[in-house]
Novice: 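Take this structure first; my questions come after.
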Amino acid sequence: MYRLLMVDDEEIIVNGLFEIFRNMKHLDLDIYKAYSGEEAIEWLSRTRIDIVLTDIKMPEIDGIQLLNEIYRNWPQCKVIVLSGYDKFDYIYNAVQYNCIRYILKTEDPDMVIKAVEDAINEIRKSNKIEGLIYQAKEQISMAKSLFQKDYLVQLLHGDNSLKVNKYHFEQLEIPLNPELPVILVMGDINNIPKNLPYWNKMEYLYSIKLIIEQKIGIYVSSIVVMDESYRFFIFVQPKELLTTGSSSKDKDRYYEKTISFLEGTLEMIQTTCKESNHASVHFILTGVPCRWEEVFRE
């Protein structure tokens, strides 16, 4: 439902338009009335408004001042100016704003109806485009997750054509530093249900991956990938090292703290997986941080 606010200090005009649009069920409008700029601003501060149909010349707060309030509160709002003035200065000041129409009160009411219908169509079109953009971003995010997995798994398999460097990490949005040591955890599921359809198996494995990410990712910088044998590899670095400069002594302390955190958290993950998925997950944690090149030689 779209929200239409009608503003005019002439009550007869507001009430007349209200009756017209109230009977136009196909427009799917929720209609609000205001008999002054001040009353209109109250509505704008209380609820989202999609379309404003307003007079340009009103006492106290006029249409131009109201336009400022509209775009400050709801910048995507469509505005239709309905006025008895055809003077250039009023029209010029009004059309400085985006998404605006200027209609004289002397014109046929069908012009007002058409303007509101056009505004609704623009909103629908805009919403569709925004939805497509959001969908595209989601697809890009999914693609990057697949690229991250492919890159790290290939490195684990010893692909010498790939390099561990800052450029690749930034391009793939891997939230770790290739110049700092990394802690590696390998997780293996001992009892994946047999004869599961492929999609159900993926849902089962993905739920375990989510548990790992949620339990670990809050406190450390990490990325979790799964190889073709359904083993999880968790790459971990202390969060503090990615946000602040640290001395060698501080780095050692942060890594010790992170390893201690992982030891306790991995046990918690095992318990959660068993309770929620009946999954028996076994983890192997490297006792010390190592350089990336050493990880991929293992």
Side-chain angles (χ1 to χ4, degrees), residues 133-194 196-239 241-242 255 258-259 261-262 265-266 268-270 272-273 276-277 279-286 289-298:
I133 291 172
Y134 176 80
Q135 187 178 14
K137 287 181 177 178
E138 286 288 297
Q139 290 173 346
I140 290 170
S141 177
M142 289 174 61
K144 284 202 170 170
S145 178
L146 292 172
F147 295 151
Q148 288 172 350
K149 170 193 168 182
D150 183 70
Y151 173 75
L152 292 170
V153 169
Q154 291 302 319
L155 285 171
L156 282 167
H157 289 175
D159 188 338
N160 294 324
S161 67
L162 299 176
K163 303 297 180 185
V164 180
N165 56 43
K166 189 174 181 180
Y167 172 78
H168 287 139
F169 275 45
E170 287 178 349
Q171 289 295 306
L172 293 168
E173 296 184 8
I174 294 173
L176 300 171
N177 188 334
E179 298 172 359
L180 291 174
V182 64
I183 301 165
L184 180 64
V185 180
M186 190 188 82
D188 200 8
I189 306 172
N190 299 327
N191 62 337
I192 297 176
K194 295 181 179 180
L196 268 183
Y198 176 79
W199 180 249
N200 296 106
K201 182 184 287 186
M202 289 301 103
E203 285 184 322
Y204 175 82
L205 294 167
Y206 185 68
S207 66
I208 294 172
K209 182 174 181 283
L210 281 179
I211 292 171
I212 296 171
E213 290 174 336
Q214 289 170 356
K215 297 292 185 184
I216 288 180
I218 298 175
Y219 301 102
V220 298
S221 297
S222 63
I223 185 166
V224 183
V225 298
M226 184 176 66
D227 70 2
E228 67 279 358
S229 299
Y230 308 130
R231 295 176 299 177
F232 293 103
F233 291 89
I234 312 168
F235 301 87
V236 183
Q237 286 177 337
K239 223 169 222 183
L241 295 183
L242 304 184
Y255 276 108
T258 299
I259 290 171
F261 161 77
L262 287 172
T265 303
L266 292 174
M268 186 190 306
I269 291 171
Q270 287 176 314
T272 304
C273 290
S276 61
N277 295 69
S280 177
V281 185
H282 175 67
F283 290 108
I284 298 175
L285 167 65
T286 57
C290 55
R291 293 185 297 114
W292 288 88
E293 291 79 6
E294 294 172 336
V295 169
F296 298 131
R297 279 206 306 265
E298 293 294 329

Novice: Report the C-alpha separation of Phe283 and Ile212 in whole Å, then their side-chain angles, then the decisive distance to 0.1 Å, and conclude whether the side chain to side chain contact (heavy atoms under 4.5 Å, CB included) test is met.
Specialist: CA-CA 11 Å; Phe283 290 108; Ile212 296 171; 4.3 Å; yes

Novice: List the residues meeting side-chain contact (heavy atoms from CB on, under 4.5 Å) with Thr286, not counting sequence neighbours, and say none if there are none.
Specialist: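 Residues passing side-chain contact (heavy atoms from CB on, under 4.5 Å) with Thr286: Ile183, Leu184.
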
Novice: Say you draw a straight line from CD1 of Ile234 to CG of Leu266; how long is it, rounded to the nearest 0.5 Å?
Specialist: 6.0 Å

Novice: If you round to the nearest 0.5 Å, how far is CD1 of Ile192 from OG of Ser280?
Specialist: 11.0 Å

Novice: Counting N and O atoms only, with roles assigned by atom type, does the side chain of Gln237 sit under 3.5 Å from a partner on the main chain of Ser221, one being a donor and the other an acceptor?
Specialist: no

Novice: Return the CG to OH distance between Leu172 and Tyr167, rounded to the nearest 0.5 Å.
Specialist: 9.5 Å

Novice: I'd like to know whether Val236 forms a side chain to side chain contact (heavy atoms under 4.5 Å, CB included) with Val182, so could you lay out the CA-CA distance, the side-chain angles of the two residues, the decisive distance to 0.1 Å, and finally the verdict.
Specialist: CA-CA 6 Å; Val236 183; Val182 64; 5.6 Å; no

Novice: For Pro181, is there any backbone N or O sitting under 3.5 Å from a side-chain donor or acceptor partner on Tyr255?
Specialist: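 Such a contact is found between Tyr255 side chain and Pro181 backbone.
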
Novice: Identify every side-chain donor-acceptor pair in residues 203-210 under 3.5 Å, counting partners at least two apart or on other chains, and give the distances.
Specialist:
unit_1 : atom_1 : unit_2 : atom_2 : d
Glu203 : OE2    : Trp199 : NE1    : 3.2
Ser207 : OG     : Glu203 : O      : 3.4
Ser207 : OG     : Tyr204 : O      : 2.6
Ser207 : OG     : Asn277 : ND2    : 2.7
Lys209 : NZ     : Glu213 : OE2    : 2.7

Novice: What ring pair (Phe, Tyr, Trp, His ring centres under 6.0 Å) pairs are there with at least one residue in residues 214-237, not counting sequence neighbours?
Specialist: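 For residues 214-237, and leaving out neighbouring residues, the ring pair (Phe, Tyr, Trp, His ring centres under 6.0 Å) pairs sorted by first residue read Tyr219-Phe261, Phe235-Trp292.
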
Novice: Under a 4.5 Å cut-off applied to non-hydrogen side-chain atoms, are Val281 and Asp188 in contact?
Specialist: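 Result no, sub-4.5 Å side-chain heavy-atom pair not found.
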
Novice: Is any side-chain heavy atom of Ile259 closer than 4.5 Å to a side-chain heavy atom of Pro289?
Specialist: yes

Novice: With Glu228, which residues qualify under side-chain contact (heavy atoms from CB on, under 4.5 Å), at least two apart?
Specialist: Val153, His157

Novice: Output all residues satisfying side-chain contact (heavy atoms from CB on, under 4.5 Å) with Ile284, sequence neighbours left out; order by chain, then residue number.
Specialist: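 Ile284 satisfies side-chain contact (heavy atoms from CB on, under 4.5 Å) with Met186, His282 once adjacent residues are dropped.
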
Novice: What residues, two or more places apart in sequence or in another chain, satisfy side-chain hydrogen bond (donor to acceptor under 3.5 Å, both in side chains) together with Asn165?
Specialist: His168

Novice: For Lys215, what residues pass the side-chain contact (heavy atoms from CB on, under 4.5 Å) criterion, not counting sequence neighbours?
Specialist: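 side-chain contact (heavy atoms from CB on, under 4.5 Å) list for Lys215, sorted by chain: Ile211, Thr265, Met268, Ile269, Thr272.
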
Novice: Supply the atom-to-atom distance Ser145 OG to Asp150 CG, rounded to the nearest 0.5 angstrom.
Specialist: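 That separation rounds to 11.5 Å.
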
Novice: Name all residues meeting the side-chain hydrogen bond (donor to acceptor under 3.5 Å, both in side chains) criterion together with Gln154; count only those two or more places apart in sequence or in a different chain, and write none if there are none.
Specialist: none

Novice: Suppose we screen for side-chain hydrogen bond (donor to acceptor under 3.5 Å, both in side chains). Which residues come up paired with Asp227, at least two apart in sequence or across chains?
Specialist: Arg231

Novice: Taking only residues at least two apart or on different chains, which pairs with a member in residues 172-183 satisfy side chain to side chain donor-acceptor pair (under 3.5 Å)?
Specialist: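 Applying side chain to side chain donor-acceptor pair (under 3.5 Å) to every pair that reaches into residues 172-183, excluding sequence neighbours, yields Lys144-Glu173.
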
